Visitor: 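Before anything else, here's the structure in question.
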There are 2 protein chains.
Amino acid sequence: MTSDPESLSKARLRVWLKLLKAVNGIEGEIRRNLRDRHRTTLPRFDVMSALARFPDGLKMSDLSSFLKVSNGNVTGIVDKLTEEELVQRVPVPGDKRAQIARLTSKGKAEFEKLAGHHEGWIDTLLDALSMEDLETLSDTLERVLSQSTEKERADA
Amino acid sequence: MTSDPESLSKARLRVWLKLLKAVNGIEGEIRRNLRDRHRTTLPRFDVMSALARFPDGLKMSDLSSFLKVSNGNVTGIVDKLTEEELVQRVPVPGDKRAQIARLTSKGKAEFEKLAGHHEGWIDTLLDALSMEDLETLSDTLERVLSQSTEKERADA
DNA sequence: CCAAGATATTTTAAGCTTAAAATTTCAGCC
DNA sequence: GGCTGAAATTTTAAGCTTAAAATATCTTGG
């Protein structure tokens with residue numbers, strides 16, 4: 001049987017590499033589509049996607065923690081989206097340090113369009129997965145995620 | 001039932017986002033470990049890992065296509081690994097354009113150490129997955145990968 | 001009030017990434 | 001031999017990313 005700890009560890013490593021390959025392949029395809037068909041990038045899409053979930057906008061720091069990227073990172077991306085009038089910065093009454101980033105109506109319209117295409121691309125790329133596959137995969141990922149959540153608590 | 005095409009598409013999108021979250025979480029942990037415990041980075045590890053599979057080394061272009069990154073990218077990474085004497089560039093007899101990058105003995109030793117720790121980190125991070133989970137997941141990913149392989153053929 | 005520490009954000013420096021341009025060398029053909 | 005296009009690599013320009021430093025503002029305790 002292939003169930004000693006040694007082979008389990010090797011099997012986990014092989015699956016990890018395959019997982020990475022699949023995710024990188026799909027992500028690459030999304031990036032290509034965003035670039036070639038919509039003249040934008042994944043980080044910009046991610047920021048717009050986050051802001052679309054919060055119609056009243058998000059403080060810069062909340063946006064960066066939601067996206068799990070650094071503060072300085074969102075500063076740069078929001079700068080550019082703001083230049084293009086897809087996002088606007090709104091001062092927070094009573095706190096001159098903070099700013100709220102929110103989609104403009106132009107930004108909302110642009111995001112709706114992107115989001116529809118994005119869902120279609122994913123649908124095609126994951127075409128091989130049935131509803132049953134998705135449920136199994138979702139459960140599996142859930143267990144992996146709760147593992148990393150434990151790790152985060154340990155680090156904090 | 002939840003099996004109309006609409007909900008299948010939404011389910012695929014949700015699973016994709018969860019997949020991304022899991023993979024990014026694990027990858028982030030690997031990057032942190034490489035940085036904090038070994039003063040190195042994932043791209044450097046990836047290059048060394050590729051070279052470790054080919055004891056005779058790889059041409060720069062073969063290295064970049066193996067890793068699926070641009071030529072210019074590996075140039076920069078190999079430059080730095082070379083400065084640290086972990087990698088060396090060897091001229092190709094009969095073709096003055098080409099160079100072969102290969103691990104030095106110092107590089108090999110360094111990589112062995114990293115690879116052992118790397119396998120341990122993955123083992124811990126995927127601790128929740130049994131051999132059976134791994135087999136199911138591997139099959140699922142295989143189907144996703146063959147989908148993207150078809151796509152690549154279509155593009156070429 | 002005000003000093004000191006905390007908080008929100010931006011700036012900076014360094015590294016990774018890509019596509020495209022530039023450079024060097026090769027291979028084939030006349 | 002020499003020209004032309006292909007091939008291997010590096011360079012360049014632009015964007016993303018982070019951690020750490022810098023700035024500005026707020027809050028709290030004295």
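Every chain is numbered from 1 and lettered A, B, ... according to where its sequence line falls, protein lines coming before strand lines. Everything numeric here is computed off the predicted structure, so don't read it as measured data.
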Visitor: Please, which pairs that meet ring-ring contact (aromatic ring centres under 6.0 Å, His included) have at least one residue in residues 86-108 of chain B, sequence neighbours excluded?
Guide: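 Checked against ring-ring contact (aromatic ring centres under 6.0 Å, His included) - neighbours excluded - no pair reaches residues 86-108 of chain B.
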
Visitor: When you compare the side chain of Leu63(A) with that of Val78(A), does any pair of heavy atoms fall below 4.5 Å?
Guide: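 Side-chain contact under 4.5 Å: yes.
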
Visitor: Under the salt bridge (Lys or Arg N to Asp or Glu O under 4.0 Å) test, which residues partner Arg89(A), sequence neighbours left out?
Guide: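 Listed in chain order: Asp79(A).
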
Visitor: Under the criterion side-chain contact (heavy atoms from CB on, under 4.5 Å), which of Leu20(A), Val144(A), Leu141(A) is the partner of Val23(B)?
Guide: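 In the set Leu20(A), Val144(A), Leu141(A), the residue that makes a side-chain contact (heavy atoms from CB on, under 4.5 Å) with Val23(B) is Leu20(A).
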
Visitor: Whole Å only: how far is the NZ atom of Lys96(A) from the P atom of dT27(D)?
Guide: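 Distance, rounded to whole Å: 12 Å.
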
Visitor: At what angle, to 10 degrees, do the two end axes of the helix from dC1(C)-dG30(D) to dC30(C)-dG1(D) meet, given five pairs define each axis?
Guide: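 Between the first-five-pair axis and the last-five-pair axis there is 10°.
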
Visitor: Test of understanding: with side chain to side chain donor-acceptor pair (under 3.5 Å), list the residues that count as partners of Asp95(B), not counting sequence neighbours.
Guide: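 Residues passing side chain to side chain donor-acceptor pair (under 3.5 Å) with Asp95(B): Arg97(B).
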
Visitor: Enumerate all atom pairs, one protein N or O and one N or O from nucleotides 4-7 of chain C, separated by less than 3.5 Å.
Guide:
residue	atom	partner	partner atom	Å
dT7(C)	O4'	Arg97(A)	NH1	3.4
dT7(C)	O2	Arg97(A)	NH1	2.7

Visitor: Expressed as a whole number of angstroms, how long is the span from Asp79(B):CG to dT10(D):P?
Guide: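 After rounding, the gap between these two atoms is 7 Å.
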
Visitor: In whole angstrom, what separates Gln99(B)'s CD from dT9(D)'s P?
Guide: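 Going from Gln99(B) (CD) to dT9(D) (P), I get 7 Å.
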
Visitor: Going by the ring-ring contact (aromatic ring centres under 6.0 Å, His included) test, which pairs reach into residues 63-102 of chain B, not counting sequence neighbours?
Guide: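 The answer is Phe54(B)-Phe66(B).
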
Visitor: Does Ser64(B) have any side chain to side chain donor-acceptor pair (under 3.5 Å) partners at least two apart in sequence or in another chain, and if so, which?
Guide: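 Asn71(B).
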
Visitor: Partners of His117(A) by ring pair (Phe, Tyr, Trp, His ring centres under 6.0 Å), sequence neighbours excluded?
Guide: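 Ring pair (Phe, Tyr, Trp, His ring centres under 6.0 Å) check on His117(A) returns His38(A).
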
Visitor: Applying ring pair (Phe, Tyr, Trp, His ring centres under 6.0 Å), can you list everything that pairs with Phe111(A), at least two apart in sequence or on another chain?
Guide: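 For Phe111(A), the residues satisfying ring pair (Phe, Tyr, Trp, His ring centres under 6.0 Å) (neighbours in sequence not counted) are Phe45(A).
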
Visitor: Between Asp95(B) (CG) and dT23(C) (P), how many Å, whole number?
Guide: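 Asp95(B) atom CG is separated from dT23(C) atom P by 20 Å.
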
Visitor: Is the phosphate of dT9(C), meaning OP1 or OP2, less than 4.0 Å from a side-chain N or O of Ser61(A)?
Guide: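 It does, given that an N or O in the side chain of Ser61(A) lies less than 4.0 Å from OP1 or OP2 of dT9(C).
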
Visitor: How would you list, by chain and number, every residue that makes a side chain to side chain donor-acceptor pair (under 3.5 Å) with Thr40(B), sequence neighbours excluded?
Guide: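 Once residues adjacent in sequence are excluded, the partners of Thr40(B) under the side chain to side chain donor-acceptor pair (under 3.5 Å) criterion are Arg44(B).
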
Visitor: I'd like a table of atom pairs between the protein and nucleotides 15-18 of chain D - only N or O on both sides, under 3.5 Å - with the distance next to each one.
Guide:
residue	atom	partner	partner atom	Å
dC16(D)	OP1	Thr41(A)	OG1	3.1
dT17(D)	OP2	Asn73(A)	OD1	3.2
dT17(D)	OP2	Asn73(A)	ND2	3.2
dT17(D)	O5'	Asn73(A)	ND2	3.0
dT18(D)	OP2	Ser70(A)	N	2.8
dT18(D)	OP2	Ser70(A)	OG	3.1
dT18(D)	OP2	Asn73(A)	ND2	3.0

Visitor: Using the test side chain to side chain donor-acceptor pair (under 3.5 Å), find all partners of Gln88(A) that sit at least two apart in sequence or belong to another chain.
Guide: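 With neighbours one apart ignored, the set is empty.
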
